[in-house]
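Basis for what follows: all heavy atoms, side chains included, without hydrogens, waters or symmetry-related copies. These numbers were taken from a predicted model, which means no experiment stands behind them.
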Amino acid sequence: MRFVSVCGPGPILLSRNRQFVVLSDEMERNQAVPKRQFWLFKSEPREFSITDLENAPGHTTTWSGIRNYQARNLLRDQVQLGDQVFFYHSSTADKGIVGVCEITRTAHADPTALDPNSPYFEPRATTAEPIWLAVDVTLVHRFPVLIPLSILKSTDGLERMGVCRPGNRLSIQPVSADEWKIVLTLVKKLASRR
DNA sequence: GCCAACGTTGGC
DNA sequence: GCCAACGTTGGC
């Protein structure tokens, strides 16, 4: 692909195989290519911790038990293969981000909704209409240090992160690329201080 | 244990 | 559709 010309405000022309394509078309097509996105998933470590994920076969687990429609809709509509996820420990003395996972399977029926013995059993759920969805995540990296919520809250640029805002209960939260970078910088900083 | 900030339920 | 009552999450 070769840059040809810019004609003021308006579509930029690109040449590809002797054909001219306006940039807006190109951008539209690029949107069809999944762009890696970032998330934060909350878990109570008493239920499932990053250590449990480390010990899981293939460092992989099915992230089940999501019983909130907003979170489910994010799983269904937004979460894509290869998306990166911060693993967050909630409702514990050591609250914070403990590592990074990757989405290795997109939304599918939450098996706990179909399991009568599960505390997350949903009597209305069927295989055809599972109601609740789960994704699979695989551990990428456990941080050498936990990044405490208190530090996240006092870090510039993270004010808009869900976990930093009071009363935000959403267990699947979008994270911007900028926020992702800032947190990784924090990890380096905190790890080097030890 | 308290309580803020939600989300859900159900009567009307 | 409105909204009061109730339930849940999760920080403190």
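Taking atom CG on A/N68 and atom C1' on B/dT9, their separation rounds to 15 Å, with Å as the unit. Atom CG in A/L40 sits roughly 17 Å away from atom P in C/dT9 (whole-Å rounding). Regarding A/I66, its CD1 atom lies at a distance of 17 Å from the C1' atom of B/dT8, rounded to whole Å. Atom CG of A/D94 and atom P of C/dC12 are 13 Å apart (whole Å). A/R72 places its CZ atom 15 Å from the P atom of B/dG7, with the value rounded to the nearest Å. Remark: P of C/dT8 and CD of A/E44 are 13 Å apart, rounded to the nearest angstrom. Counting to the nearest Å, the P atom of B/dG7 and the CH2 atom of A/W132 are 13 Å from each other. A/R67 places its CZ atom 13 Å from the P atom of B/dT8, with the value rounded to the nearest Å.
Grouping the Ile, Leu, Val, Met, Phe, Trp and Tyr side chains by contacts below 4.5 angstrom, directly or via other members, places A/F38 with A/F143.
At the heavy-atom level, A/L170 lies nowhere under 4.0 Å from the strands shown.
A donor-acceptor pair shorter than 3.5 Å cannot be found between the side chains of A/R105 and A/T138. Looking only at atom types and distance, the side chain of A/T104 has no donor-acceptor partner in the side chain of A/D136 under 3.5 Å away.
Between A/K153 and C/dC12 there is a side-chain N or O to OP1 or OP2 distance below 4.0 Å. Put simply, A/K42 has a side-chain N or O that comes within less than 4.0 Å of OP1 or OP2 on C/dG10.
Among the nucleotides B/dT8, B/dG7, C/dG11, the one closest to any side-chain atom of A/Y69 is B/dT8. Residue A/Q70 places its side chain closer to B/dG7 than to any other of C/dG10, C/dC12, B/dG7.
Between A/R67 and A/D110 there is a salt bridge, since a side-chain N of the basic residue sits under 4.0 Å from a carboxylate O of the acidic one.
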